[in-house]
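Source: prediction; values computed, not measured. The figures here come from the full heavy-atom set of this structure, side chains too, leaving out hydrogens, waters and symmetry mates. Numbering of ligands and ligand atoms starts at 1, following listing order.
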Amino acid sequence: MTVSILQTSSAPAALHAGHPLDPLTGEELATACAIARERMALDRHERFAIARLEEPAKAEVLTFDGSPESAPRPARQAFLVLVNTTTGVSREVIVDLGRGEIASEHTIPNGEEPYGQPPVMVEEFSLCEQIVKADTGWQAAMRRRGLSDADMALAQIDPFSSGYFGRDFERGRRLVRAVSYYRSELKDNGYAHPIEGVVAVVDLIAKRVVDLVDEAEAVRVPKTKHNYDRDSWSETRTDLKPLHITQPDGPSFKVDGWKVDWQNWSFRIGFTPREGLVLHRIGYKDGERERPVVYRASVTEMVVPYADPTANHYWKSAFDAGEYGLGKLANALELGCDCLGHIHYFDIPAADDLGQPFVMKNAVCMHEEDYGIIWKHYEFRNGLFEVRRSRRLVISFFATVGNYDYGFYWYLYQDGTIQLEAKLTGIVQTAAVAPGKTYPWGGMVTEELGGPTHQHFFNVRLHMIVDGDGNSVTEHEFVPRPWGTDNPHGNVFDTTSRLLARERDAAREADGRTGRYWKITNPNVRNSVGNAPGYKLVVMPSPLMLAQEGSFVRTRGGFATKHVWVTRYDAREKYASGDYPNNHAGGDGLPHYVKQNRAIANEDIVLWHSFGHTHVCKPEDFPIMPVEYAGFTLKPNGFFAGNPAMDLPPERNGHSVDGRDLPGPAGGSCCGSR
Ligand code: CO
């Protein structure tokens with residue numbers, strides 16, 4: 001740590017004049033870290049694993065939003081997680097920026113079962129590599145596999161979150177499990193050259209290897225190059241003509257600081273080190289009414305358990321949000337590459353491991369997209385023809401977590417639909433396979449390389465506020481009605497409805513056979529046809545966690561054993577996997593929250609949805625897999641009195657041309673008779 005950091009002023013930050021949910025400014029982050037440093041007499045071994053806004057209580061925010069001029073301004077607070085890199089002591093600290101004081105401080109009980117550590121920090125990536133490369137056992141294992149000293153210097157070391165298996169050396173320790181890859185040069189794709197059968201367990205506090213696996217049979221290191229950079233693919237296709245998206249009059253959204261308005265929608269952008277993008281206060285202006293839908297939406301966790309029982313792989317189950325931080329690993333997006341069209345970028349203020357503020361440039365991208373047809377009808381009897389194009393607002397970010405790259409795309413539609421789509425790309429985990437053998441734990445992706453079968457689970461947390469406080473969740477299914485006097489032709493089927501009254505009844509699985517779905521309604525309000533207005537959660541009935549009951553990964557990733565969970569809102573229950581999944585023995589998060597079995601009907605509720613993709617690797621995934629998609633939609637269901645997109649203008653796109661060389665339309669409308 002440099003002297004300049006210690007000299008940072010810890011005077012209270014200038015009073016924040018924006019909205020209480022605005023992310024902390026760089027100045028506020030610097031001040032918060034400086035206050036902690038001074039008041040707690042932190043030495044140079046302390047690191048800031050997390051620094052973010054401590055969001056004010058929902059009630060305070062609602063009061064403030066009701067009358068921003070007269071309501072009390074909620075206290076501006078920072079939430080910090082400190083890690084002492086020599087003692088391993090980790091603390092949560094809340095700094096009150098207005099008063100320039102520590103508001104609360106407590107030590108994370110990471111030495112007591114079930115343990116749990118703050119996320120792996122950026123500097124620990126290089127620390128892990130140094131420790132592993134200096135270890136004589138690891139060096140011997142590399143030599144046995146034919147690596148020279150120069151090869152070892154170039155080797156890629158992945159500091160994989162370690163999981164937890166109840167071994168003595170794992171209890172209460174801050175560990176990563178390091179796997180190694182050969183590289184012929186720095187830009188060589190190491191994942192093409194996995195070094196099988198060698199795993200170093202690294203204690204990041206003791207700064208040494210505490211366990212080294214070096215299997216007796218040394219599998220040959222695959223050396224064939226599989227690179228993806230442009231120099232390796234210089235022969236590119238030549239038949240692509242330009243495709244431009246132009247908005248000559250600019251986009252249709254309005255941005256005011258962190259607040260966005262678009263097509264009756266309004267919301268606020270937030271961003272945290274763990275979750276990345278957060279959408280606050282999603283609401284829809286329906287006529288003169290501002291109608292709230294979701295108070296807060298974010299992806300709070302994801303886990304990727306691998307299904308290979310061998311030394312390099314069985315323990316792999318990265319919790320990319322809680323063990324690394326999706327926000328911390330967010331990409332700086334490139335205009336015209338990551339994002340096409342008229343883009344609005346949000347730069348995110350952040351603090352590094354040393355508590356130094358910096359700006360995450362272009363971390364969040366927002367733009368409009370054409371999305372085909374939103375509604376249409378042609379009436380052949382009278383020639384009436386009406387069609388409207390759909391446009392959606394895209395708010396997204398991308399995080400690179402080791403070998404994988406994940407995009408998180410929120411979409412808002414003009415018909416009131418909300419969608420989240422996770423995009424999965426990057427490089428699959430690889431396993432070296434001896435020449436002539438096949439890989440038994442997944443699919444071969446190329447010669448000498450297998451890809452272990454695995455699952456990706458995301459969990460989205462939706463703090464619902466459909467038409468205000470007091471929401472309920474009902475479950476619905478389609479069931480055939482038996483033959484009888486009420487079904488004389490056998491064609492009738494029913495849609496069941498069941499109120500989920502308590503948390504334990506509300507841990508639910510999807511069922512494609514019965515089309516099971518859920519509605520979030522406000523029973524205190526009536527819609528145009530006399531029912532409670534609501535939104536429908538539409539899920540993909542993908543497989544849940546397939547690891548066995550009793551396995552550590554299932555216990556640690558319990559949120560992925562159900563598709564749907566509903567909890568009564570508690571500000572302390574923020575994450576599907578619990579607060580500190582890193583090196584955690586398991587049992588925290590959603591399965592723990594719902595043990596309280598609180599009443600959830602007509603209450604302040606949080607809807608949690610686990611979704612994902614079960615991935616059997618194949619040659620097309622290599623060297624970089626094309627995007628795979630997973631996600632869900634929230635569709636208005638009795639929320640509006642009719643199709644809310646009827647009022648879309650019928651303008652014809654005048655830039656469109658008929659490719660048969662006929663003249664294009666000069667404008668006009670998408671309606672009329674023909
Ligand atoms: Co995958």
Side-chain angles (χ1 to χ4, degrees), residues 156 158-161 163 177 179 181 189-194 196 226 228 276 299 301-310 312-324 326 329 331 396-409 420-433 438-446 449-460 539-547 551 553-554 556-557 559-561 563 576-577 581 609-632:
Q156 171 185 325
D158 276 16
F160 221 106
S161 60
R177 278 180 158 84
V179 280
Y181 300 85
N189 175 14
Y191 297 107
H193 321 297
E196 211 60 35
H226 295 284
Y228 49 84
V299 173
E301 192 52 277
M302 53 172 297
V303 62
V304 187
Y306 285 82
D308 172 333
T310 65
N312 271 42
H313 308 282
Y314 73 88
W315 48 270
K316 284 178 183 166
S317 57
F319 290 70
D320 288 340
E323 293 185 331
Y324 294 99
L326 296 174
L329 300 177
N331 294 177
S396 69
F397 80 107
F398 239 102
T400 299
V401 193
N403 54 304
Y404 258 109
D405 302 73
Y406 296 102
F408 297 91
Y409 285 63
L420 174 64
E421 190 170 69
K423 301 189 182 187
L424 297 69
T425 179
I427 309 178
V428 296
Q429 281 288 314
T430 48
V433 179
T438 55
Y439 178 61
W441 311 111
M444 291 297 289
V445 295
T446 186
L449 284 177
T453 297
H454 57 278
Q455 298 189 281
H456 303 258
F457 293 110
F458 305 89
N459 187 280
V460 66
V539 310
M540 296 196 225
S542 52
L544 288 162
M545 175 84 79
L546 293 165
S551 64
V553 66
R554 193 180 176 94
R556 286 162 37 77
F559 71 87
T561 61
H563 289 105
S577 57
H609 172 41
S610 302
F611 60 95
H613 173 64
T614 297
H615 188 174
V616 181
C617 298
K618 55 196 180 297
E620 290 88 343
D621 293 338
F622 208 67
I624 300 196
M625 65 179 270
V627 169
E628 194 69 61
Y629 302 88
F632 70 93

Taking the Co ion (ligand 1) as the vertex, how big is the angle to ND1 in His615 and NE2 in His456, rounded to 10°? 140°
Minimum heavy-atom separation for [X] and [Y], please, with both atom names.
X	Y	result
Gln429	Asn403	NE2-OD1, 3.0 Å
Ala576	Phe559	O-CB, 3.6 Å
Tyr324	Ala318	CE1-CB, 4.4 Å
Tyr181	Gly190	CD2-O, 3.2 Å

Could you tell me whether the Co ion (ligand 1) has an N, O or S atom of Met625 under 2.8 Å away? no
Taking N, O or S atoms only and a limit of 2.8 Å, check whether Cys617 reaches the Co ion (ligand 1). no
